[in-house]
Amino acid sequence: MHTNVVIIGAGPAGLMLSHLLSQNGIDSIILEKRSRKEIEETVRAGVLEQGTVDLLKETGVGTRIEHEGFEHEGIYLQFGQKRERIDFPSLTGGKKVVVYPQHEVLKDLLKARIEDGAAIHFEVNEVKTHAIHSNKPYVTYTPVKGASEETITCDYIAGCDGFHGPCRETVTESDCSEYEKLYDYGWLGVLAETEVASDELVYANHENGFALLSTRTPTLQRFYLQVDRKDDINLWSDDRIWTELKKRSDIGDGKELKDGPIVSKNIVSMRSYVCETMRKGNLFLAGDAAHIVPPTGAKGLNLAISDIQILAEGLKERYHNGSENLLDRYEEIALQRIWKAQRFSSFMTTLLHTDVKKTKFERKIQESEFHYLVSSEAAKRSLAENYTGLPIEWGRALAPQYS
């Protein structure tokens, strides 16, 4: 088999890349180790930036978002019992976000790609990249365990297979710039059958730890609690979870968070990671294969989509005009946005989480940071601009690196 681009991974990055390439007459084949059912049933929250929503709608996969997504014009920030709202449209010239789960985005993209006749191979094994520094790279894989190995030749390979996938491992096995931070705390996430807790997301800092109240549907909500990253989920009974959620989100107005049956719960660790080497030869990394952000800033899926916009535009220029100029600048352009998203996610994480190792002085500085943020028009505008999504800086070179 031969194709223009082999895409490894059928997550948001891989599916969107295939979708954009198809709309520009560029062939691709997707290889994915999971089944379609597994992809569509992997539950993840989703806060979509204005630009992500616009792209999905412009490319024909935004119909359900318009009808089922929750459009939010702001968020609430809470420190102790003081809760303040950040109004996005007034601070950004009209930009908003949409709360729409990531697995629903995947369903929309999968449906569009399959209806378009895309070549997607699910449940493949032993995917390997070869000759990435040549002009004839290829990928080998086995369609099912024990089957004969198959080969796909191509012009380019897109590694959209996540942090633990073979593409990142290929790039990082020699001479690669990597940066990482692992946080001491994680998030205990729950899905609960209860009424809507707030009209918009609530990010709460409490002496017991961070809490987030989010909407999934009118009858199913997503909540998060800060816990130790090594905590045991079995130690968190439903009663304990509701007690902490109510305590951490209380604003002293007598209105208590309504509890209900918890249908799922898990603990996820938090890390920040960037692989600045996003290209080796004709292998490109995108999405979680290149970067991980803590979920506090709601940037994961959105960064993946912005990577893909840049890569798709570079491939379009290559196949339509014969120029590799934009492809050669892919990581330079992508990293501008990646590092800004890392900065914002780090800021939100530091502001909103309770670190038991902080001194009383540092806790007061954290509180002062919150009060400055909610009282300063400039600070609120900065938060709103970052949260709703910064533009892709197509023409700006990376700042010099300092040693």
Side-chain angles (χ1 to χ4, degrees), residues 43-49 70 72-86 88 97-102 183-217 220-229 231 233 236 238 240-251 255-260 262-272 293-302 341 344-355 366 370 373-374 383-384 386-388:
V43 176
R44 287 191 180 181
V47 177
L48 308 184
E49 295 175 352
F70 287 82
H72 287 195
E73 296 189 353
I75 57 172
Y76 293 101
L77 297 180
Q78 180 178 327
F79 201 97
Q81 290 190 323
K82 183 177 177 62
R83 184 180 293 182
E84 300 284 350
R85 183 174 182 270
I86 308 295
F88 294 154
V97 297
V98 172
V99 177
Y100 188 71
Q102 178 171 309
Y183 294 86
D184 292 333
Y185 36 79
W187 276 16
L188 189 164
V190 304
L191 273 175
E193 294 177 344
T194 183
E195 63 187 56
V196 174
S198 172
D199 58 332
E200 292 170 336
L201 275 70
V202 177
Y203 291 81
N205 178 304
H206 186 271
E207 62 183 2
N208 285 18
F210 167 77
L212 172 61
L213 310 182
S214 178
T215 300
R216 176 58 57 82
T217 72
L220 187 66
Q221 316 312 324
R222 188 76 166 165
F223 301 125
Y224 296 93
L225 288 170
Q226 175 188 344
V227 297
D228 188 281
R229 68 184 180 88
D231 213 332
I233 192 66
W236 285 87
D238 290 5
R240 184 185 179 192
I241 290 170
W242 283 118
T243 297
E244 280 300 312
L245 279 169
K246 291 174 182 180
K247 185 181 297 182
R248 298 184 194 187
S249 62
D250 175 48
I251 54 174
K255 297 178 182 178
E256 192 174 69
L257 183 68
K258 297 291 176 63
D259 61 278
I262 291 176
V263 297
S264 74
K265 54 185 174 182
N266 69 309
I267 294 175
V268 295
S269 61
M270 295 174 63
R271 64 147 53 95
S272 299
V293 289
T296 330
K299 293 298 159 206
L301 182 149
N302 296 292
F344 178 66
S345 296
S346 176
F347 164 74
M348 290 284 282
T349 301
T350 303
L351 174 71
L352 293 165
H353 287 75
T354 302
D355 188 342
Q366 187 182 32
F370 171 82
L373 171 60
V374 298
L383 186 147
N386 280 272
Y387 198 97
T388 58

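Computed from a predicted structure; not experimentally measured.
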> Any idea which heavy atoms bring Thr349 and Pro294 closest together, and the distance?
Replying inline: OG1-CG, 3.6 Å
> How many angstroms lie between CZ in Arg85 and OH in Tyr76, if you round to the nearest 0.5 Å?
Replying inline: 5.5 Å
> Is there a side chain to side chain contact (heavy atoms under 4.5 Å, CB included) between Trp236 and Leu225 once you walk through the steps?
Replying inline: CA-CA 11 Å; Trp236 285 87; Leu225 288 170; 4.0 Å; yes
>> Which heavy atom of Tyr224 sits nearest to which heavy atom of Gly189, and what is that distance?
In response: CD2-CA, 3.6 Å
>> Can you give me the closest heavy-atom contact between Ser345 and Gly297, atom names plus distance?
In response: OG-CA, 4.0 Å
> salt bridge (Lys or Arg N to Asp or Glu O under 4.0 Å) with Asp259: which residues, sequence neighbours excluded?
Replying inline: Lys246
> Between Phe210 and Tyr203, how do the two ring planes meet: parallel, tilted or perpendicular, split at 30° and 60°?
Replying inline: tilted
> Looking at residues at least two apart in the chain, or sitting in another chain, which of them share a side-chain hydrogen bond (donor to acceptor under 3.5 Å, both in side chains) with Trp242?
Replying inline: none
>> Taking side-chain hydrogen bond (donor to acceptor under 3.5 Å, both in side chains) as the definition, give me every residue that meets it alongside Asp228, ordered by chain and number, with sequence neighbours left out.
In response: none
>> Under the side chain to side chain contact (heavy atoms under 4.5 Å, CB included) test against Leu212, which residue among Leu245, Leu352, Leu201, Ile75 passes?
In response: Leu201
> Which atom pair, heavy atoms only, marks the closest approach of Glu200 to Gly74?
Replying inline: OE2-N, 3.2 Å
>> Holding to salt bridge (Lys or Arg N to Asp or Glu O under 4.0 Å), I want the full list of residues that pass it with Glu193, two or more places apart in sequence or in another chain.
In response: none
>> Minimum heavy-atom separation for Ser264 and Arg222, please, with both atom names.
In response: OG-NH1, 4.2 Å
> Who pairs with Gln221 by side-chain hydrogen bond (donor to acceptor under 3.5 Å, both in side chains), at least two apart in sequence or on another chain?
Replying inline: none
>> Which label fits Tyr185 and His353: parallel for a plane angle under 30°, tilted from 30 to 60°, or perpendicular past 60°?
In response: parallel
>> Exactly one of Val374, Ile86, Thr388 should register a side chain to side chain contact (heavy atoms under 4.5 Å, CB included) with Leu383. Which one does?
In response: Ile86
>> Restricting to side-chain hydrogen bond (donor to acceptor under 3.5 Å, both in side chains), what partner residues turn up for Ser346, sequence neighbours left out?
In response: none
